[in-house]
Novice: 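Input: one structure, supplied below.
The figures here come from the full heavy-atom set of this structure, side chains too, leaving out hydrogens, waters and symmetry mates.
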Amino acid sequence: MGTWMKQVMLASGIVPALFLITCSRGDRPLEPPRAGKVLWSDTTHGEIREDPYRWLREREDPDVKAYLEAENAYSAACMASTEGLQKTLYDEMVGRIKETDTTAPYKKGAFYYYSRTEQGKQYSIYCRKKGSLDSPEEILLDLNVLAEGHAYLTMGIYEISPDHRLLAYSLDTVGSERYTVSFKDLETGRLLADELIGTYYDAAWADNRTFFYTTIDEANRPFRLYRHKIGTPQAADVLVFEEKDERFFVKITKTRSERFLLMELSSQITSEVHVLPVSDPEGRFRLFARRREGVEYSVDDWDGQWYVLTNDNAVNFKLMKTTLDRTEESYWKTVIQHREDTLIEDIDTFKDHLVVHERTKGLRRLRVRHRRSGEEHYVKFDEPVYTLYDGDNPEYETSVFRFVYVSFVTPKSVVDYDLDHRTRELIKREEIGQYDPTAYHSERVFAKAADGHEIPISLVFRKTTVRDGSAPLLLYGYGAYGITSEPSFKSPLVSLLDRGFIYAIAHVRGGEELGRLWYHNGKLLNKKNTFTDFIACAEFLIDARYTSRDKLAIMGGSAGGLLVGAVTNMRPDLFHAVVAKVPFVDVLNTMLDPTLPLTVIEYEEWGNPAEKAFYEYIRSYSPYDNVEAKAYPHMLVTAGLNDLRVSYWEPAKWVARLRAMKTDHNLLLLKTNMGAGHSGASGRYDYLKDVAFEYAFLLDRMGLSS
């Protein structure tokens, strides 16, 4: 355990002149807040570590709140000169969205379901029509009404019972990601007495009266599966399963045919599935295949068989099948072989078709197989940089597959693809005000890493932007958990592009853009590849005259905040401005504390520093632990007080240490949302205000605020 000696709680106002930087009120320079130091030390693997800002973890300490509020006040004061620009940016962003709009309806049973928005309202309204789109509208849920009296609101689940009579929905009003499920009778419009607290993001109806859901433990891990009977209190719910291994999440889903419930147990690298026919909701889940360390698999039923997607001796996954009654691995037969150049990401099953989601050369593609003939084809796409994902496909007995297509220049487009005739119909394209897609250009280039790997970079800019090194450029990165940073359309981004910015995504290792090995080579003891890849991308963009050092800004959030924090320590000379959103920057201290939410689960991503090799490796890149007395770029750091994924104190401690040690005159801001969590503001207008603030910071630091 660490040792404490309380010395100073908060110092603000006694600041060397060196730090009286670019903020002023009238002709008087503003002094940034200075967090006091409290002696704390711990010894790990023989090394004594001091953490003078550890006291910022004490959320209930009034001095912690005072410090965060002082930082917020300082940020507001420093950005006061950009308030006009923020308003202009916000108005532009609102002007591009269709404020009163409706999503593409999807059919399930006798109903067409959709949501819509209304001008001036923050949240969606969920509706349906029976039999025809010309029928009268039923409003099922108006989140604007439910948000009254709350500064924050998100919905976790939205599940309609099989007979379309009951709606189960869950809400979080503080940003903690702990949801409460309510049930609404859609025929009477009344709420049932049933209420389920402490739930997570997934749930499933077995029949019209039986509902399965998961709850979370103190570490914010979904660890228990319960069965609830409508009309009974939560205290009477049956505990179906409890996962004891702290690395594993419990999830409940249904197969596409809705014939089976799937209880999925998964860590970062291992999975296990249990199945239960929906016709026997009070029966016992049956183990599909026992977990084996490092082996992941998922299942769905199709054509009277189980189809299994697995990485067993297939790093990029292979597709196999077996009979419904013999699920042991010895009975699995290969359907699609493993390929070194192609990652199989997922499958969708329909009565007569199998849709396989693949990724090759960093781009997604769809492979379609007909059940009876076995004939296959690929769906073709023309743009050099794009992405796509599933749309709403609740119907099993259909030959139409709905997907969403989007690129840097093409707004979100809902497409119905006829799997038999290979034709597509554009159902809805997001309407963007004052936007001409022909005025913009997107492309993909490659930077060479130090070890010779080629790192893809996706770019978008106005066609009139000159590539002579004079353009400001915003480089985004993430690179963790095998999550791919997709090149999708972002309407707020147009405000930067129209002011001459180039926007780029560095598809660094740690993501899965180039297959599963791309992920493996950016995690654990390979994590530094993520950072050196990003630096290589930045250097390439400068050398290729897309931008210059004094015009290059970088952005990343959460694990992407770790990325930008690490590279800012490694090469502060390379970047002019940094936006780090809810950044995971206190990596070593967080990973050394198994009592914190999600720490144990994260061992398979970052390593367990209880082992000396991982301790030393994490210690060598953790942004908080590697702040030095040197010049840093302009920096905007954000946090959420209710964030359970990256606790607010991580960015707060990082900024405190940067303030104490940096030797430059550049701007350093910490902006904490005191009523939200990891995802920031929940309302669509409030979200745009946050984006306008970030963009104003970038434009101001680039000298483009006029």
Novice: Can you name the residues that form a side-chain hydrogen bond (donor to acceptor under 3.5 Å, both in side chains) with Glu177, not counting sequence neighbours?
Specialist: Tyr201, Arg645
Novice: Do the side chains of Leu354 and Leu319 get nearer than 4.5 Å, heavy atoms only?
Specialist: yes
Novice: Not counting sequence neighbours, which residues clear side-chain hydrogen bond (donor to acceptor under 3.5 Å, both in side chains) with Glu375? List them please.
Specialist: Arg422
Novice: Pair Glu329, Arg290 - check side chain to side chain contact (heavy atoms under 4.5 Å, CB included), show working.
Specialist: CA-CA 9 Å; Glu329 292 173 82; Arg290 192 171 303 281; over 6 Å; no
Novice: At their closest point, which heavy atom of Leu524 faces which heavy atom of Glu604, and how far apart are they?
Specialist: CD2-O, 3.7 Å
Novice: Are the side chain of Glu272 and the backbone N or O of Leu265 linked by a donor-acceptor pair below 3.5 Å?
Specialist: no
Novice: Is Arg247 reaching over with its side chain to a backbone N or O of Ser267, donor-acceptor style, under 3.5 angstrom?
Specialist: no
Novice: Among residues two or more places apart or on two chains, list those pairs meeting salt bridge (Lys or Arg N to Asp or Glu O under 4.0 Å) that have a residue in residues 523-535.
Specialist: Arg509-Asp533
Novice: Report yes or no: does Ser622 contribute a side-chain atom to a donor-acceptor pair with the main-chain N or O of Val587 at less than 3.5 Å?
Specialist: yes
Novice: Between the main-chain N or O of Thr327 and the side-chain N or O of Thr322, is there a donor-acceptor pair closer than 3.5 Å?
Specialist: no
Novice: Spell out, as yes or no, whether a donor-acceptor pair under 3.5 Å connects the side chain of Thr199 to the backbone of Tyr179.
Specialist: yes
Novice: Donor-acceptor pair, distance only, cut-off 3.5 Å: does the side chain of Thr599 make one with the backbone of Met591?
Specialist: no
Novice: Can you sort out the partners of Asp416 under side-chain hydrogen bond (donor to acceptor under 3.5 Å, both in side chains), two or more places apart, ordered by chain and number?
Specialist: Arg402
Novice: Short question: side chain of Ser458, backbone of Ile505 - any donor-acceptor pair under 3.5 Å?
Specialist: no
Novice: In the structure I gave you, are the side-chain heavy atoms of Tyr113 and Ile160 within less than 4.5 Å of one another anywhere?
Specialist: yes
Novice: What's the verdict on side-chain hydrogen bond (donor to acceptor under 3.5 Å, both in side chains) for Ser170 and Tyr200, showing C-alpha distance, side-chain angles and the deciding distance?
Specialist: CA-CA 9 Å; Ser170 65; Tyr200 205 55; over 6 Å; no
Novice: Are the side chain of Lys107 and the backbone of Gly109 linked by a donor-acceptor contact shorter than 3.5 Å?
Specialist: yes
Novice: Classify the side-chain pair Thr410/Glu383 by whether it contains a donor and acceptor separated by less than 3.5 Å.
Specialist: yes
Novice: Go through the steps for Leu459 and Leu541 under the test side chain to side chain contact (heavy atoms under 4.5 Å, CB included), then give the verdict.
Specialist: CA-CA 10 Å; Leu459 301 110; Leu541 293 168; 3.7 Å; yes
Novice: Could you walk me through whether Tyr617 and Glu611 pass the side-chain hydrogen bond (donor to acceptor under 3.5 Å, both in side chains) test, one step at a time?
Specialist: CA-CA 10 Å; Tyr617 192 75; Glu611 300 176 33; over 6 Å; no
Novice: Strictly below 4.0 Å, N to O, side chains only: are Arg444 and Glu513 in salt-bridge contact?
Specialist: no
Novice: What heavy-atom pair brings Lys351 and Trp302 nearest, and what distance separates the two atoms?
Specialist: O-NE1, 3.7 Å
Novice: Give a yes or no on this: more than 12 heavy atoms of other residues, nucleotides or ligands lie within 6.0 Å of atom NZ of Lys428.
Specialist: yes
Novice: Mind checking the CG-OH spacing from Leu196 to Tyr213? Nearest 0.5 Å is all I need.
Specialist: 4.5 Å
Novice: Can you pull out every salt bridge (Lys or Arg N to Asp or Glu O under 4.0 Å) where at least one residue sits in residues 248-257? Sequence neighbours excluded, please.
Specialist: Arg256-Asp348
Novice: Are Ile483 and Tyr519 close enough that some pair of their side-chain heavy atoms sits under 4.5 Å apart?
Specialist: no
Novice: Establish, yes or no, whether a centroid distance under 6.0 Å links the rings of Trp306 and Phe260.
Specialist: yes
Novice: For Asn311, check side-chain hydrogen bond (donor to acceptor under 3.5 Å, both in side chains) against everything at least two apart and list the hits.
Specialist: Glu296
Novice: Just by modelled atom types, is the Leu525 backbone N or O under 3.5 Å from a matching donor or acceptor in the Trp606 side chain?
Specialist: no
Novice: Check this for me: does any side-chain nitrogen of one of Asp303 and Lys321 sit under 4.0 Å from a carboxylate oxygen of the other?
Specialist: no
Novice: Roughly how far, to the nearest 0.5 Å, is the CG atom of Asp325 from the CZ atom of Arg286?
Specialist: 7.5 Å
Novice: If we check salt bridge (Lys or Arg N to Asp or Glu O under 4.0 Å) with Glu345, which of these qualifies: Arg365, Arg359, Arg516, Arg367?
Specialist: Arg359
Novice: State, without any angle test, whether Tyr389 and Glu486 hold a side-chain donor-acceptor pair at a distance under 3.5 Å.
Specialist: no
Novice: Should the ring pair Tyr417 and His377 be called parallel, tilted or perpendicular, given that the plane angle runs from 0 to 90° and is split at 30 and 60?
Specialist: tilted
Novice: Drop me the distance from Glu242's CD to Tyr226's OH, to the nearest 0.5 angstrom.
Specialist: 7.5 Å
Novice: Quick one, Phe350 and Asn393 - any side-chain contact, counting heavy atoms below 4.5 Å?
Specialist: yes
Novice: So which heavy atom on Val181 is nearest to which on Phe211, and how close?
Specialist: CG1-CE2, 4.3 Å
Novice: Honestly, is Arg291 close enough over Phe248, meaning NZ or CZ under 6.0 Å from the six-membered ring centre and within 45° of the axis?
Specialist: yes
Novice: Any idea which heavy atoms bring Val567 and Phe531 closest together, and the distance?
Specialist: CG1-O, 3.6 Å
Novice: Between Phe241 and Phe285, is a ring-ring contact (aromatic ring centres under 6.0 Å, His included) present by the stated rule, with each step listed?
Specialist: CA-CA 9 Å; Phe241 181 82; Phe285 279 83; 8.8 Å; no
Novice: Between Tyr481 and Glu602, does a side chain to side chain contact (heavy atoms under 4.5 Å, CB included) hold up when you go through it step by step?
Specialist: CA-CA 10 Å; Tyr481 305 109; Glu602 300 279 285; 2.3 Å; yes
Novice: Any chance the side chains of His338 and Asn313 put a donor and an acceptor closer than 3.5 Å?
Specialist: no
Novice: Testing the basics here: between Ala204 and Leu261, what is the closest heavy-atom pair and its distance to 0.1 Å?
Specialist: CB-CD2, 3.8 Å
Novice: Report the distance from atom CZ of Phe489 to atom CZ of Phe408, rounding to the nearest 0.5 Å.
Specialist: 11.0 Å
Novice: Is there a donor-acceptor contact under 3.5 Å from the side chain of Asn316 to the main chain of Arg339?
Specialist: yes
Novice: Ala206 and Val278: which non-hydrogen atoms are nearest, and at how many Å?
Specialist: O-CB, 3.8 Å
Novice: Evaluate the side-chain proximity of Met555 to Lys581: yes if any heavy-atom separation is below 4.5 Å, no if none is.
Specialist: yes
Novice: Can you see whether Tyr378 engages Glu358 through a side-chain donor-acceptor pair at a distance of less than 3.5 angstrom?
Specialist: yes
Novice: Is Glu246 salt-bridged to Arg221, cutoff N-O under 4.0 Å?
Specialist: no
Novice: Let me confirm one number: the CG-CG distance from Asp593 to Leu588, rounded to the nearest 0.5 Å.
Specialist: 11.5 Å
Novice: Measuring from atom CG of Asp280 to atom CG of Asp207, what distance do you get when rounded to the nearest 0.5 angstrom?
Specialist: 10.5 Å
